[in-house]
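Structure, as structure tokens:
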Amino acid sequence: MTNFQKIEQKWQKKWEDSEIFKVKEDSKKKKYYVLEMFPYPSASGLHMGHALNYTIGDIFARFKRMQNYNVLYPMGYDAFGLPAENAAIKAKQHPKVYTEASMKNFEKQQKSLGLSYDWSRIVKTCESEYYKWNQYFFLKFFENGLVYRKKSPVNWCPKCDTVLANEQVHNGRCWRHEDTEVEIKHLEQWFIKTTKYSEELLKDIEKLEWPERIKLMQQNWIGKSYGTEINFEINGENWPIFTTRVDTIFSVTFMVVSAQHPKLNSLITEKQKKEVNNFLKKIKSVSEKELEALEKEGVFTGSYAINPFTGEKVPVWIGNFVLADYGSGMVMADGHDVRDVEFAKKYNIPLKTVIKPIERKTNPNEVFTEKGILYNSGEFSGLSSDEAIIKMQNWLENRKLGKKTLQYKFKDWLVSRQRYWGTPIPIIYCNKCGLVPEKNLPVLLPEKVEFGKGNPLATNKNFVNVKCPKCNSDAKRETDTMDTFFDSSWYYLRYCDNKNLKEAFEKKKADYWLPVDQYIGGAEHACMHLIYARFFVKALRDLGLLKIDEPFTRLFNQGMLHGADGNKMSKSLGNVIVPEEVSKVYGIDTARLFLVSVASPDKDIEWSENGIQGMFRFTNRLVDYFENVKISKAKNEKLESASNKAIKEITEDIESFKYNIATIKLRQLFEKISKEEVNKETLENFLKLLSPFAPHLAEELWEKIGNKGFISVSEWPKYDSKKIKIEFEYEDEFMENIKSDINTVIKLVGKQPKIIKMFVSESWKYEVYRKLAKLESRNIKEVIEKIMVKGYEKEIPKIAQSFIKNPNAFMKIVLDQKTEMKILEENKKELESMFNSKIEIIKAESSKEVKAKQAVPGKVAILIE
RNA sequence: GCGGACGUGCCGGAGUGGUCAAACGGAAUGGGUUUAGGCCCCAUUGGCUUAGUGCCUGCGCAGGUUCGAACCCUGUCGUCCGCACCA
């Protein structure tokens, strides 16, 4: 049996020794940048799911490389991060030791997958050569007002012991801990002004060739809405509020302010103080989760707001359902919002309505929330909602009482973390000078710290206590580190110039390689990494460091690999598949082929032992075939047609990530090749088509048929459309039908045939179709007349009818008698050995003759003796 | 609640207006080869039909558009995903 592992090791070594995957800038060649999201190296190593991800990218990179692109295909490790820190604490091991061991293990495993990375460009985010530039960018942002420090309500995960960005809170819980609710703390933290680019981030989404789903998720995340800002006067002060439905303003009967509003105290009157405090205590005592299910509750503040349109005084309430950080933390409440109505009914606040539907009547209990026609709205009565909104905005702007505005859900990025294993924030706190940027980068992450006593960096006095770079007085360092999403926001830039000690990357090199042409990764990063990275590129562009607007032109989301039981792969379920184990039995090429053949690579798939065995049969057959192949010099038009067609289609399939379809076509082509006389060119082309999927095997067989050099860097085959002849396919189809008919007849007769007689008659359908091809008439009578064949008076009108309905559908090729005879003669031997009997092919001169043999003309009649 | 995706044979899955759906793989059954087989080869796997590139049914369910729909539209049921008191 073939030793696939030996073959794989042989070629992996050769690839490495000859450095064929190493690339550098080459202005003469077109570049192509293929990238998979770099992994977080965990101690458990990689499983088959990782292998699937990398295989998808590797196939694409190999494909583009053979198409003569200068392909940048690098790998690196997202090495900083909490899991390493936590695991290290648990194992009583320094995070650095843990991470380095994990990376080493990852690299070794990845290398055994036969991935065509340029390993010389490896990037590890935990090395100071890398994170120095994190600090550099941080300070650049700081200088340019893109980084600021602010006290605000922030999300805190008690399990991670750190604050989290908005993007890292899912359903009120920590993204790493599905069971842990995030607490809101009021802390001073570092933010990056991502919102400066809200509009551009939103607008540029349409430029991206990304899955629609991801684009939509980003759109919703940024969450732009148009509306109106209105100043309500409360206690002589202006309180701007945001609404999308200013047209409902004449029905405002109360206001609701968020319980977390920073200026809440100024609204509470002496008389209401007690009641309000009780209420606030009550909401604080319930957890975030319970709050979700909670009814709307509130309490009157004692203050009144003046509606600028009506001059009416309406009460201001505190409500648990108003968000503090969206809009202005206060809303106007009216009879056209379900939540407001619910709230008002509970507390017996009066309600008004001012909008009615255009074409129907509302029923008494209905809360009409759609747009309609205004009434009871002063000068605006009778207008439609849309008209009224514009007029009201003008009305407000003329009186300086408000304006048309935009709102985004998107917020600034909270980047500081109170944890150790990350990039130190290069800022010094000086009592005299305030926030002072560190001049000497990198600020190294000290190795000696104590864990479990708050912020680990604060435990290293040598690190914390410094002299102020400006005034040289005693100062202290920032002890927070950066969110690791900062690292992953620009790693793809570093690949362009990973050894540069003077700059993060040389602009010229970045200009050559960027943007990433094809990015590959999971959908879980839609609203995290993929937004941060887009922000980063735009920010660096505006700092003059880049000339691109977007980092990733095309994005592909691969599906997830589940265990054989249909569940997510996990240790606790014991369904984890490890590439090494699979390689030992089947070889990694077989695994690669199997993984991409199950389904379209963007769909979730399940591991299947039976499935990979099926692919194993194929790879073994391949080897067997090539070991015994006799290369012919003869021309074989039929095979050439099939080969050219396969080249055309497989090229298109790979381009559009239909790897599953491509592998099927490879198998089909192989079936044809193995049955025919084949020349060297066809064999070579087949191996080339195979090589992105099964690179080791392709190299081995390439060598076996007498080639030198690597197939991996050979040229992708080109097809000649003139050589693709559709007739051959019909021939095959015809033979399939003949075989199927013979089988049916044998079954019916119930005996092994000694002689099979085949009467080939002139096909009446052939005649009909031939006549139809010449016809242009749309007159049914005329058509029937012209295509009529005697003996088929019943069928002809039906054909004529459908022809008139759609002449284009008549593209079908029907073989004529002569061709049928020829094909049968050619395949006679094959049929004889297949059915173990003699074959006689008889040309039937007339329909009558065939009928006399108990068969019907129009098809090959089969008789068994 | 809002937004999105999907629903095809025993199973995984192709096909997203036109050469009369099920490619390809898996599985099962029958046969061949074999000392034996878990290898390999062949056949069968919706119904009808005393073979005829045939007929009927059929792509969750019900309607509609079209000469023609698995594919487009509407409704409905089911599964999954994202966001979620966003004013």
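- The partner of B:C67 is B:G18, judged by Watson-Crick or G-U wobble contacts that both fall below 3.5 Å.
- Looking only at side-chain heavy atoms (C-beta outward), A:Q168 and A:N155 stay at 4.5 Å or farther from each other.
- Between B:G60 and B:G26, the distance separating the two P atoms is 26 Å to the nearest Å.
- The gap from the P atom of B:G25 to that of B:G17 amounts to 26 Å, rounded to the nearest Å.
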Nucleic acid footprint by protein, nucleotides 39-44 of chain B - heavy-atom cut-off 4.0 Å, B for base, S for sugar-phosphate alone = SSS-S-

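- Looking at A:I349 and A:W317, their side chains come closer than 4.5 Å, going by heavy atoms from C-beta outward.
- Across all strands shown, nothing is found opposite B:A36 as a Watson-Crick or G-U wobble partner with both distances under 3.5 Å.
- Among the heavy atoms of the strands, none lies under 4.0 Å from A:V338.
- Taking the six-membered ring wherever Trp is involved, the centroid distance between the rings of A:F616 and A:F618 does not fall below 6.0 Å.
- If you check every strand for non-hydrogen atoms under 4.0 Å, A:T663 touches nothing.
- Nucleotide B:C80 holds its P atom 20 Å from the CD1 atom of A:I605, rounded to whole Å.
- Comparing B:G3, B:G15, B:C85 against the side chain of A:K658 picks out B:G15 as the nearest.
- Judged by distance alone, the side chains of A:D412 and A:T195 do bring a donor and an acceptor atom under 3.5 Å apart.
- Within the structure, every side-chain polar atom (N or O) of A:N220 is placed at least 4.0 Å from both OP1 and OP2 of B:C83.
- Look at CG on A:D604: it is 10 Å from C1' on B:C81, rounded to the nearest Å.
- The shortest side-chain heavy-atom distance between A:W210 and A:F556 does not fall under the 4.5 Å cut-off.
- Looking at heavy atoms from C-beta onward, A:V582 lies in side-chain contact with A:I577 at the 4.5 angstrom threshold.
- Between the CG atom of A:N610 and the C1' atom of B:G13 there is a distance of 16 Å, given to the nearest Å.
- Considering only the side chain of A:I664, B:A23 comes nearest among B:C83, B:G13, B:A23.
- Under the Watson-Crick or G-U wobble criterion, with both distances below 3.5 Å, B:C61 is paired with B:G75.
- Put simply, NZ on A:K603 is 12 Å from P on B:U16, counting in whole angstrom units.
- Rounded to a whole angstrom, the distance from the C1' atom of B:G18 to that of B:C11 is 31 Å.
- Taking atom C1' on both B:C71 and B:U66, the two are 13 Å apart, rounded to the nearest angstrom.
- Nucleotide B:C83 holds its C1' atom 13 Å from the OH atom of A:Y326, rounded to whole Å.
- Pairing of B:G52, defined by two Watson-Crick or G-U wobble distances under 3.5 Å, is not identified with any nucleotide.
- Taken to the nearest 0.5 Å, the OG1 atom of A:T228 stands 8.0 Å off from the CE atom of A:M332.
- Across B:G15 and B:C80, the matching C1' atoms stand 22 Å from one another, rounded to whole Å.
- Counting any heavy atom pair closer than 4.0 Å across all strands shown, A:L216 reaches sugar-phosphate atoms only and no base atom.
- Both A:R245 and A:G611 sit near RNA chain B, but only A:G611 has its closest nucleotide nearer the 5' end.
- Annotation: B:C6 and B:G12 have their C1' atoms spaced 16 Å apart (nearest Å).
- Between A:G329 and A:G614, the residue anchored closer to the 5' end of RNA chain B is A:G614, taking for each the nucleotide with the nearest heavy atom.
- Per the geometry, CD belonging to A:E649 stands 12 Å off C1' belonging to B:A23, to the nearest Å.
- Taking atom P in both B:U76 and B:C24, one finds a spacing of 39 Å when rounded to whole Å.
- With B:G15, B:G25, B:C83 as the choices, the nucleotide that has an atom nearest any side-chain atom of A:R667 turns out to be B:G25.
- Ring centers of A:F4 and A:Y586: at least 6.0 Å apart, outside the cut-off.
- The listed nucleotides are B:A23, B:G3, B:U53; the one nearest the side chain of A:E820 is B:U53.
- With rounding to whole Å, A:W607 atom CH2 is found 14 Å from B:G25 atom C1'.
- Atom-to-atom, CG of A:L666 to C1' of B:A23 comes out at 15 Å; the value is rounded to the nearest Å.
- Across B:C83, B:G3, B:G82, the shortest atom-to-atom separation from the side chain of A:M217 is found for B:G82.
- The 12-atom threshold is not exceeded at CD of A:E206, counting heavy atoms of other residues, nucleotides or ligands nearer than 6.0 Å.
- Taking the C1' atom of each, B:U74 and B:U65 are spaced 10 Å apart, rounded to whole Å.
- For B:A84, there is no paired nucleotide, since no Watson-Crick or G-U wobble pair has both relevant distances below 3.5 Å.
- Base-pair partner of B:A28: B:U44 (Watson-Crick or G-U wobble, both distances under 3.5 Å).
- In B:G32 the base sits anti relative to the sugar, since the glycosidic angle is further than 90° from 0.
- In this structure, CD in A:E524 is found 8.5 Å from CG in A:N557, a value given to the nearest 0.5 Å.
- Residue A:E606 is classed as having no contact, given no heavy-atom separation below 4.0 Å to the nucleic acid.
- For B:C85, its base sits under 3.5 Å from the side chain of A:K296 at one donor and acceptor pair at least.
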